[in-house]
Amino acid sequence: MRALTVRPGGDGSLAVEEVGEPKPAAGELLVRGVALGVCGTDREIASGAYGQAPPDRDRLVLGHESLGRVAEAPDGSGFAVGDLVAGVVRRPDPEPCGACAHGEFDMCRNGRYRERGIKELDGYGAELWCLETDYAVRVDAGLGLAGVLMEPASVVAKAWEQIERVGARAWFEPHSVLVTGAGPIGLLAALLGRQRGLDVHVLDRVTDGPKPDLVRALGATYHSGAADDVFAAVRPDVVVEATGAGRLVFDAMRGTAAYGIVCLTGVSPAGRSLTVDAGTVNRDIVLENDVVVGSVNANLRHFRQAADALARADREWLHRLLNRRVPLDRATRAFEQGADDIKTVITLEGGAD
């Protein structure tokens, strides 16, 4: 069978190659790949920035944003042949820390977790893959190819869970949310904000193309002006920061209403210096009871929350996010990113649309 593989740490090693077909162990599904989402993490692994192959090999099957169709299911698993499923990405470390031992492996404290397609475990970028039933999440059949959004939606579901848990420390009735960045994470964060009945605003640099229209189609407000002006006009109760841009991160910390919550989901590049008035930032956070929290990855319940959110979303809107589709035999082209790309998808099987 064909798989998309890479040699971690080596730039230019990305390739579609023939590999042996997997055989499911007890308690595992055999899944035929339908589609694979490509994100910045995949591009960084392909460039040699990081990633770890399984211990006995030098190549890693890439891909953590999965959608597949069950080909074989063990009796009593709750899954049937033909079900659409997505796989959870992270696995707890073999000698679990306290968080992993309690099922919170997305909050692993010792860093010895493993991740499909990223760290020590082969990913989902293959025509066939195996998946433990405990880490499989059923995808609404009506979603079709849009079910490949499960993993990024799970990251967003966790971010909203963190926001609501922090808010629950006192009276919490947010009205407005500002999402910075209109990539897949930002747009899905806006979707979940609208599903919560919030007044949603999205800030991005582009002024045309699909992003403004997608935001407006949600019933949200799109902004492309100066960040200071947007924060002053909106005074959001919640900010979901999805760019990782250092200046925008500090703008968000200063720009919320009193008792504001900033959830950081974008990873900033290292080595870039900013001059900030740290004293004013600290003063505002303390005197207004503000909170800044980071959120990354997701565990099983977040995937289930994502499945529910996607099942309730407008199907046409979700499919508009998948604005670049590449077949597996040309999968390396999926790593070339265009200005208007939102979510690039590698199609592994026909018939999911």
Side-chain angles (χ1 to χ4, degrees), residues 37 39 65 139-140 142-164 167 173-225 227 229-231 233-243 248 252 255-257 260-266 295 298 302 305-324 339-345 353:
C39 74
E65 298 185 7
V139 176
D140 188 307
L143 288 171
L145 199 63
V148 79
L149 294 168
M150 279 281 288
E151 192 277 339
S154 74
V155 171
V156 171
K158 175 184 173 179
W160 274 108
E161 180 189 84
Q162 296 297 305
I163 290 164
E164 288 162 351
E173 288 185 8
H175 171 69
S176 62
V177 56
L178 176 61
V179 179
T180 53
I185 295 295
L187 289 168
L188 290 169
L191 169 68
L192 269 65
R194 289 295 295 143
Q195 289 182 343
R196 286 161 167 76
L198 297 173
D199 177 26
V200 175
H201 298 255
V202 178
L203 171 63
D204 198 277
R205 293 179 296 181
V206 303
T207 57
D208 53 17
K211 292 179 179 181
D213 288 341
L214 283 164
V215 170
R216 295 180 188 117
L218 285 176
T221 304
Y222 187 84
H223 302 268
S224 59
D229 294 340
V230 175
F231 277 101
V234 176
R235 291 296 289 167
D237 302 305
V238 174
V239 175
V240 180
E241 207 300 299
T243 70
L248 202 49
T256 62
I261 299 174
V262 176
C263 184
L264 306 178
T265 65
S295 184
H302 304 126
Q305 291 166 8
D308 178 66
L310 293 179
R312 292 188 287 121
D314 180 82
R315 304 291 201 265
E316 181 183 355
W317 187 87
L318 292 174
H319 278 270
R320 288 170 65 191
L321 299 188
L322 313 179
N323 65 342
R324 185 162 177 248
D340 288 336
D341 288 350
I342 298 174
K343 174 53 66 178
T344 298
V345 175
D353 260 330

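Quick note: numbers below take in every heavy atom, side chains included, and nothing from hydrogens, waters or symmetry partners. The structure presented is a predicted model; accordingly, all values stated were derived computationally and were not measured.
We find the CZ-CG distance between R312 and D140 to be 12.0 Å, quoted to the nearest 0.5 Å. Rounded to the nearest 0.5 angstrom, L143 CG and L149 CG are separated by 8.5 Å. Distance check, rounded to the nearest 0.5 Å: CG of L322 to CD1 of I342 gives 9.0 Å. Atom CD in Q305 sits 8.5 Å away from atom CG in D308 (nearest 0.5 Å). The distance from the CG atom of L264 to the CD atom of E241 is 6.5 Å, given to the nearest 0.5 Å. Note that CG of L187 is 6.0 Å distant from CG of L214, once rounded to the nearest 0.5 Å.
The side-chain heavy atoms of I163 and V240, taken from C-beta on, include a pair separated by under 4.5 Å. You'll find the side chain of S224 stays beyond 4.5 Å of the side chain of V206, heavy atoms only. Using a 4.5 Å heavy-atom threshold, the side chains of V234 and H223 count as touching. Counting only heavy atoms from C-beta outward, the side chains of V177 and P236 never approach each other to under 4.5 Å. Proximity of K211 to V215: side-chain heavy atoms (C-beta onward) are nowhere separated by under 4.5 Å. Put simply, the side chain of I185 reaches to within 4.5 Å of the side chain of V156, judged on heavy atoms. Using a 4.5 Å heavy-atom threshold, the side chains of T265 and Q162 count as separate. In this structure, P210 and D340 have side chains that are in contact, with non-hydrogen atoms separated by less than 4.5 Å.
With hydrogens and angles ignored, the 3.5 Å screen pairs no side-chain donor or acceptor of R216 with any backbone N or O of A220. A distance-only check finds no donor-acceptor pair linking the side chain of E173 to the backbone of H175 [under 3.5 Å]. Although no hydrogens or angles enter the test, the distance criterion places no donor-acceptor pair under 3.5 Å between the side chain of R324 and the main chain of D341.
By the neighbour-count criterion of 12 heavy atoms within 6.0 Å, atom CZ of R205 is sparsely surrounded, having that number or fewer from other residues, nucleotides or ligands.
For the side-chain contact (heavy atoms from CB on, under 4.5 Å) criterion with V262, the lone passing option out of L178, V239, T180 is V239.
A salt bridge does not link R320 to D314: none of the charged nitrogens lies less than 4.0 Å from a carboxylate oxygen.
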